[in-house]
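Read through the structure below, which is laid out as structure tokens, and then see the notes.
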2 protein chains.
Amino acid sequence: MDMDEMIERSQAVCDALSDDDDGLKREVLTHAGNRWSLGIVHTLGVGGRLRHAAIARRMEGVTQRMLTRSLRQLERDGLVLRHDYVEKSPRVEYELSDLGKRLLAQMIPLWLWVVDNADQFRQARMAFDNAQDNARP
Amino acid sequence: MDMDEMIERSQAVCDALSDDDDGLKREVLTHAGNRWSLGIVHTLGVGGRLRHAAIARRMEGVTQRMLTRSLRQLERDGLVLRHDYVEKSPRVEYELSDLGKRLLAQMIPLWLWVVDNADQFRQARMAFDNAQDNARP
DNA sequence: CAGTATCCTTGCGGATACTG
DNA sequence: CAGTATCCGCAAGGATACTG
């Protein structure tokens, strides 16, 4: 699929979108832009079925509050499954749903692409910031 | 490339990431989650080189302020080129850079995927919300 | 251990008015 | 026309303490 064809298809799709679909699309992408969501998806993709604390250990910097909130969001979006062994000493495990695994499969090429092009991003930014500095001394 | 291989590759890549690379990756994805950024990229992908007002017309709901801000951000990220004809009656045109076009090419399959799975997302959400309601009457 | 409950700061996104 | 300058509400994200 070349560029023009791709744009044409996306144009057709976007035109056909109901307001609901468009809202959903934006919502999914907004969640994807959240601080921890994609990191959790990646962690679960790599680690399989993990407990709350195990995820926290693998994700340097996340607070309990944000981890719980993000997991709830992912669960609500159907991307993560929550398994609550109803024991007296709490035991809860999380894992990717099928939908979550497929989302991860969609995201990974994007991550790889971003990393592959990291230099171009940085270079563009430096050029932009320098131009700003020269314009406003 | 199957799922396991993909995860393995992404794992290797993420392990090799410097803090800078990781920050950059997250930043790009955060910007992608912003309200207008991807819409602008799509608009420019479809419409080619457009003036500020032309973009605004094609993007129902965006304010001057947010359009300018988003364009600046995209320009800073090297995704959009800004052409300022220095005339007395201001004339500025924007278009996707090569990097921007390639990002769009990365995003379109993701959009299509989200739309294709819209029902699954909605279904998951309804199930989740119902479970919540039952748990807290 | 897996959460809630508070409180706080920050920045996004929007509305409106003004300028070269 | 293509912006800037202000002011504002709100939600994201974080720090800390507490609970079943």
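Letters A, B, ... are given to chains in the order of the sequence lines, protein chains preceding strands, and every chain is numbered from 1. Predicted model only: the values in this text are computed from it and were never measured.
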Roughly how many Å is it from [atom1] in [X] to [atom2] in [N], rounded to a whole number?
X: A/Glu27; N: D/dA11; atom1: CD; atom2: C1'; value: 14 Å
X: B/Arg26; N: D/dA12; atom1: CZ; atom2: P; value: 17 Å
X: A/Glu75; N: C/dA2; atom1: CD; atom2: P; value: 15 Å
X: B/Gln73; N: D/dG3; atom1: CD; atom2: C1'; value: 17 Å
X: B/Arg82; N: D/dC1; atom1: CZ; atom2: P; value: 16 Å

Among residues two or more places apart or on two chains, list those pairs meeting ring pair (Phe, Tyr, Trp, His ring centres under 6.0 Å) that have a residue in residues 51-72 of chain A. none

Considering only residues two or more places apart or on different chains, which pairs with a residue in residues 56-82 of chain A satisfy ring pair (Phe, Tyr, Trp, His ring centres under 6.0 Å)? none

For A/Asp119, check side-chain hydrogen bond (donor to acceptor under 3.5 Å, both in side chains) against everything at least two apart and list the hits. none

Looking only at heavy atoms, which two atoms of A/Pro109 and B/Gln106 are closest? And how far apart? O-OE1, 4.0 Å

Heavy atoms of B/Tyr94 and B/Leu44 approach each other most closely as O-CD2, 3.6 Å

Salt bridge (charged side-chain N to carboxylate O under 4.0 Å, His left out) involving [X] - partner list, sequence neighbours excluded:
X: A/Asp98; answer: none
X: B/Arg91; answer: B/Glu93
X: A/Arg51; answer: none
X: A/Asp84; answer: A/Arg82

Does CE in B/Met3 sit with more than 12 non-hydrogen atoms of other residues, nucleotides or ligands closer than 6.0 Å? yes

Within a reach of under 6.0 Å around CZ of A/Arg125, are more than 12 heavy atoms found that belong to other residues, nucleotides or ligands? yes

Which parts of [range] get close to DNA chain C, meaning a heavy atom less than 4.0 angstrom away?
range: residues 87-96 of chain A; answer: A/Pro90, A/Val92, A/Tyr94
range: residues 33-55 of chain B; answer: B/Asn34, B/Arg35, B/Trp36
range: residues 58-71 of chain B; answer: B/Thr63, B/Arg65, B/Met66, B/Arg69

For DNA chain D, what string of dots and brackets results from 5' to 3' when Watson-Crick and G-U pairs need both distances under 3.5 Å, crossing pairs get [ ], and pairs with another strand get |? ||||||||||||||||||||

Side chains of residues 28-42 of chain A: which donor-acceptor pairs under 3.5 Å do they make with residues two or more places apart or in other chains?
unit_1  : atom_1 : unit_2  : atom_2 : d
A/Thr30 : OG1    : A/Arg26 : O      : 2.7
A/His31 : ND1    : A/Asp77 : OD2    : 2.7
A/Ser37 : OG     : A/His31 : O      : 3.4
A/His42 : NE2    : B/Ser10 : OG     : 3.2

Side chain of A/Asn117, backbone of A/Gln120: donor and acceptor closer than 3.5 Å? no

